[in-house]
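In this text the structure is predicted, and so the values were computed from the model without any measurement.
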Amino acid sequence: MKFLIIEDNQNDLLELIDLIDNYNEKSEIEISYDIEQDYSRILDSIDHYDFVLMDIELNNNTNGVDLACKIRQQNKDIRIIFISAFTKYLIDGYKASANLYLLKPVSQDTFNQSIDSLAKDYFYQNAGFYDGRYSQDKIYYHEITYIEMIARKLHIHFVDKNEFINNDTLLKWSNHLKDYPFSQPHRAFLVNLEHIQTFNKQEIIMKNGEHLPITDIYIEQFRKDYIHFMNRG
């Protein structure tokens, strides 16, 4: 994962570097980083980064929130982490759709847990597979809404309403997606929890308006999976 650090206070900058270096020593995930203090050049290179770690109060009359909004406008997928000593900026920080707001001083434990949580989502959003039968581009798991078996054929449904059909089994895909937020509410369905609007004892209502079945034999585990998904982070 590649970070861009935007911090003009030298002491705070050194503390951030220490946090990252300590994280790298103990984590299987490695963070590489660049430091940029020339704000006029940031937008020229921001597409090369996965995360931006930045203060809100910057020198040279630069407003960190305004800068973050420009960053978000140019790179919609980047994760923005604000670090500030002041809670008064909390609401302003989220105007830029910040993914995280950390208060100074940041402990190593807080930093590690926060990055782990964001990293998990980052890897999920970038996880997928290639299959030339359907697309020459990467197919992302987070774009799958649900998978169903119909007449011994596996139907994979996507957010763009596309549908892939093959001869795989639902069990194969259940095992394949066990590390991602999917759960089985019915013997013939595997559902992406990210795309659920609500559910009850009889059915699941998806964000796209589709209604999917849920049965008694699966509902307890499905409910546990959904609660765990909602409490992630």
*Heavy atoms from other residues, nucleotides or ligands near CD1 of Ile217 exceed 12 (cutoff 6.0 Å)*: no
*Yes or no on side-chain contact (heavy atoms from CB on, under 4.5 Å) for Asn126 and Asp50, after CA distance, side-chain angles and deciding distance?*
CA-CA 11 Å; Asn126 286 278; Asp50 306 307; over 6 Å; no
*asked:* Just checking Lys138: does its NZ atom have more than 12 heavy atoms from other residues, nucleotides or ligands closer to it than 6.0 angstrom?
replied: yes
*Just one of Tyr33, Tyr49, Tyr23, Phe51 clears the ring-ring contact (aromatic ring centres under 6.0 Å, His included) bar with Phe3, so which one?*
Phe51
*Short side-chain to backbone donor-acceptor contact, Asn192 and Ile144, under 3.5 Å*: yes
*Inter-residue atom distance Asp121.CG - Asp116.CG, 0.5 Å rounding*: 13.0 Å
_Note, Leu154 side chain near Ile165 side chain (heavy atom, < 4.5 Å)_ = no
*Locate the shortest heavy-atom distance separating Arg72 from Asn99; write the atom from each residue and the value.*
NH2-OD1, 3.2 Å
*Inter-residue atom distance Asn9.CG - Gln37.CD, 0.5 Å rounding*: 9.5 Å
_Heavy-atom pair of closest approach, residues His142 and Gln125_ = CD2-O, 3.1 Å
*asked:* If hydrophobic clusters are built by linking Ile, Leu, Val, Met, Phe, Trp and Tyr wherever their side-chain heavy atoms come under 4.5 Å apart, do Val106 and Val52 end up in the same one?
replied: no
*Considering all heavy atoms, the nearest Gln184-Leu190 contact*: N-CD1, 3.9 Å
_Heavy-atom count check: over 12 atoms from other residues, nucleotides or ligands less than 6.0 Å from His211 NE2?_
yes
*Between the main-chain N or O of Asp18 and the side-chain N or O of Asn22, is there a donor-acceptor pair closer than 3.5 Å?*
yes
*Nearest 0.5 Å please: distance from the CZ atom of Arg41 over to the CD atom of Glu36.*
4.5 Å
*To the nearest 0.5 Å, how far apart are CD1 in Ile80 and OH in Tyr101?*
13.5 Å
_Residue from Leu19, Ile81, Thr110, Ile20 passing side chain to side chain contact (heavy atoms under 4.5 Å, CB included) with Ile115_ = Ile81
_A quick test of your reading: do over 12 heavy atoms of other residues, nucleotides or ligands sit less than 6.0 Å from CG of Asp38?_
yes
*Hey, are the side chains of Leu212 and His186 touching, using non-hydrogen atoms and a 4.5 Å cut-off?*
no
*Cluster overlap Phe123 with Leu177, hydrophobic side-chain contacts below 4.5 Å*: no
*Would a distance-only check, ignoring hydrogens and angles, find a side-chain to backbone donor-acceptor pair under 3.5 Å from Arg152 to Ile150?*
no
_Mutual orientation of the aromatic rings belonging to Phe222 and Tyr226 [parallel < 30°, tilted 30-60°, perpendicular > 60°]_ = parallel
_Could you see if Leu13 belongs to whatever hydrophobic cluster contains Leu53? Use Ile, Leu, Val, Met, Phe, Trp, Tyr and a side-chain cutoff under 4.5 Å._
yes
_Do Leu103 and Leu100 sit in one hydrophobic cluster, given that two such residues count as connected whenever their side-chain heavy atoms are within less than 4.5 Å of each other, even indirectly?_
no
_NZ/Lys104: more than 12 non-hydrogen atoms of other groups inside 6.0 Å_ = yes
*Please answer whether the main-chain N or O of Leu4 pairs with a side-chain N or O of Asp34 as donor and acceptor at a distance below 3.5 Å.*
no
*CA sep, side-chain torsions, deciding dist, call: Ile156, Asn166, side-chain contact (heavy atoms from CB on, under 4.5 Å)*: CA-CA 9 Å; Ile156 305 175; Asn166 61 39; 4.2 Å; yes
_Within-4.5 Å side-chain heavy-atom neighbours: Val159 and His195_ = yes
_Side chain proximity check, Ile5 to Met54, heavy atoms < 4.5 angstrom_ = no
*Any side-chain heavy atom of Ile83 within less than 4.5 Å of one from Glu7?*
no
_Within 6.0 Å of CD in Gln73, more than 12 heavy atoms from elsewhere_ = no
*asked:* Checking the side chain of Asp225 only, and the main-chain atoms of Ser183 only, is there a donor and an acceptor separated by less than 3.5 Å?
replied: no
*What pair of heavy atoms forms the shortest contact from Val191 to Pro185, and how long is it?*
CG2-CG, 3.7 Å
*Looking only at heavy atoms, what is the nearest atom pair of Phe182 and Tyr141, with distance?*
CZ-O, 3.6 Å
*asked:* I'd like to know if the side chain of Asn11 pairs up with that of Glu15 as donor and acceptor (distance under 3.5 Å, no hydrogens or angles considered).
replied: no
*Shared ILVMFWY cluster between Tyr124 and Leu118, side chains joined below 4.5 angstrom?*
no
*How are the rings of Tyr146 and His157 set relative to one another: parallel (under 30°), tilted (30 to 60°) or perpendicular (over 60°)?*
parallel
*Give, for atom CD1 of Ile196 and atom CG of Asn208, the distance between the pair rounded to the nearest 0.5 Å.*
11.0 Å
_Taking every non-hydrogen atom, the tightest pair across Ile29 and Ala119_ = CD1-CB, 3.7 Å
*asked:* Distance check, rounded to the nearest 0.5 Å: Glu30 atom CD versus Met1 atom CE?
replied: 10.0 Å
*Do Asn162 and Glu143 have side chains that get closer than 4.5 Å, going by heavy atoms?*
no
_Is it the case that the ring center of Tyr218 lies less than 6.0 angstrom away from the ring center of Phe189?_
no
